[in-house]
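These notes are about the structure you will find just below.
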2 protein chains.
Amino acid sequence: MPVHMCEVINKLRDAGLRPTRQRVALAELLFAGGDRHFSAEKIHEEAEEARIPVSLATIYNTLNQFTDAGLLREVAIDGSRTLFDTNTSNHYHFFMESDGSLVDIETHDLKVIGLPEIPPGTDISRIDVIVRLADK
Amino acid sequence: MPVHMCEVINKLRDAGLRPTRQRVALAELLFAGGDRHFSAEKIHEEAEEARIPVSLATIYNTLNQFTDAGLLREVAIDGSRTLFDTNTSNHYHFFMESDGSLVDIETHDLKVIGLPEIPPGTDISRIDVIVRLADK
DNA sequence: TTACATGCAAACTGTTTGCAAATAT
DNA sequence: ATATTTGCAAACAGTTTGCATGTAA
């Protein structure tokens, strides 16, 4: 078994997920390259191209499990579909309205200042920033 | 016909929308008070309580028309449902994770700084900021 | 009178779920 | 051996659409 596969298996184990055939294959697809953004449907297509037999239902379940385990995060762009992001660190996004794609903005570049007091009894769990770009 | 009703009618006319019974009634519901956030379903319930007969399909159509006309804007929180906002000016939001409600943050309080260069050939069409709050 | 708006039901999209068969431990 | 995971199809929620009927101009 190749080393990179063991890494994926350990990653899943650490997250408390059994390293099943499908989960390992999907994790390799998702985490092989650098950071990326995708929908469930996109991953389904890629899995088919890679001859990995996984049902769409399992992809949804897996992406949600990965998200719960902190391996992915969701990005809310509009109501039509859920996008996932392999970069789980605190960062913001450019959203290309022309083609619906996302590009990361590294946090150290960008700051949100002047935040008013938050309601008592609450904590900030996350700040989402989406810079929507349109073709000129 | 009361004065406030004329205002609504003019507002619709200015937006290029015929002031039909349903559109006038919905506009009064939506724009009577100050700024507010809501889903299509919520407005459907309110219309029923107010004994205004409007089908859910018409509410969806109307909210989308109002949005296209610039009378409303959409707020993307998560994929599960579309939220609308009567405040169409540039402003940001607190999102209460506990109950799914939204509260406006006035723009003059909050600034996004250090934005990196945007890709050539594009313009910023809007910046969305959502501060997610969880109960402590 | 005529173009546009409405209501209903049916279609549709993205997502979740129930359950029998398959699999990891 | 046993608890978990998978795949399928069916269920589901939110939203949109086709078409006959109603209405504003």
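This is a predicted model, so every value here is computed, not measured. Proteins get letters first, then strands, A, B, ... in listed order; numbering begins at 1 in each. Worth knowing before you read on, the calculation uses all heavy atoms, side chains too, and leaves out hydrogens, waters and symmetry mates.
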Rounded to the nearest angstrom, tell me the gap between atom [atom1] in [X] and atom [atom2] in [N].
X      : N       : atom1 : atom2 : value
R23(B) : dG7(C)  : CZ    : C1'   : 14 Å
D78(B) : dT15(D) : CG    : P     : 11 Å
D68(B) : dT16(D) : CG    : P     : 10 Å

Using the test ring pair (Phe, Tyr, Trp, His ring centres under 6.0 Å), find all partners of H37(A) that sit at least two apart in sequence or belong to another chain. H93(A)
Return the minimal non-hydrogen interatomic distance between [X] and [Y], and the atom names on each side.
X      : Y      : result
T88(B) : G70(B) : CG2-O, 3.5 Å
L63(A) : A40(A) : CD1-CA, 3.7 Å
R23(B) : F66(B) : O-CZ, 3.9 Å

Residues from residues 39-48 of chain B lying under 4.0 Å of DNA chain D - heavy atoms: none
At under 4.0 Å, does any side-chain N or O of Q22(A) touch on OP1 or OP2 of dG7(D)? yes
Please state whether the phosphate of dG14(C), meaning OP1 or OP2, lies under 4.0 angstrom from any side-chain nitrogen or oxygen of S80(A). no
Do any N or O atoms from the side chain of N87(B) and from the backbone of S89(B) form a donor-acceptor pair under 3.5 angstrom? yes
Checking side-chain contact (heavy atoms from CB on, under 4.5 Å) between I9(A) and each of V24(A), L17(A), D14(A), which is the one that passes? V24(A)
Take the C1' atoms of the five end pairs on each side of the helix from dT1(C)-dA25(D) to dT25(C)-dA1(D), get both axes, and report the angle to 10 degrees. 30°
Assess the side chains of T62(A) and Q22(A): does a donor N or O sit below 3.5 Å from an acceptor N or O? no
Please list, by residue number, the residues of residues 50-66 of chain B whose heavy atoms come closer than 4.0 Å to an atom of DNA chain C; answer none if no residue qualifies. P53(B), V54(B), S55(B), A57(B), T58(B)
Measure the spacing between CZ of F94(A) and CD1 of I105(A) and express it to the nearest 0.5 Å. 4.0 Å
Approximate separation, where rounding is to 0.5 Å, of L83(A) CG and L72(A) CG: 12.0 Å
Apply salt bridge (Lys or Arg N to Asp or Glu O under 4.0 Å) to E46(A) and list each qualifying residue two or more places apart in sequence or on a separate chain. R36(A), K42(A)
So if I define the base as every atom that isn't primed, P, OP1 or OP2, how would nucleotides 20-25 of chain D read as a B/S/- string at a heavy-atom cutoff under 4.0 Å? ---SBS
Inspect the surroundings of CZ in R132(A) and state if more than 12 heavy atoms from other residues, nucleotides or ligands are less than 6.0 Å away. yes
What verdict does the salt bridge (Lys or Arg N to Asp or Glu O under 4.0 Å) test give for D128(A) and R73(A), after you've listed the backbone C-alpha separation in whole Å, the side-chain angles of each residue and the deciding distance to 0.1 Å? CA-CA 12 Å; D128(A) 288 343; R73(A) 68 177 264 197; 3.3 Å; yes
Consider only side-chain heavy atoms of I, L, V, M, F, W and Y, link residues closer than 4.5 Å, and tell whether L29(A) and I59(A) are in one cluster. yes
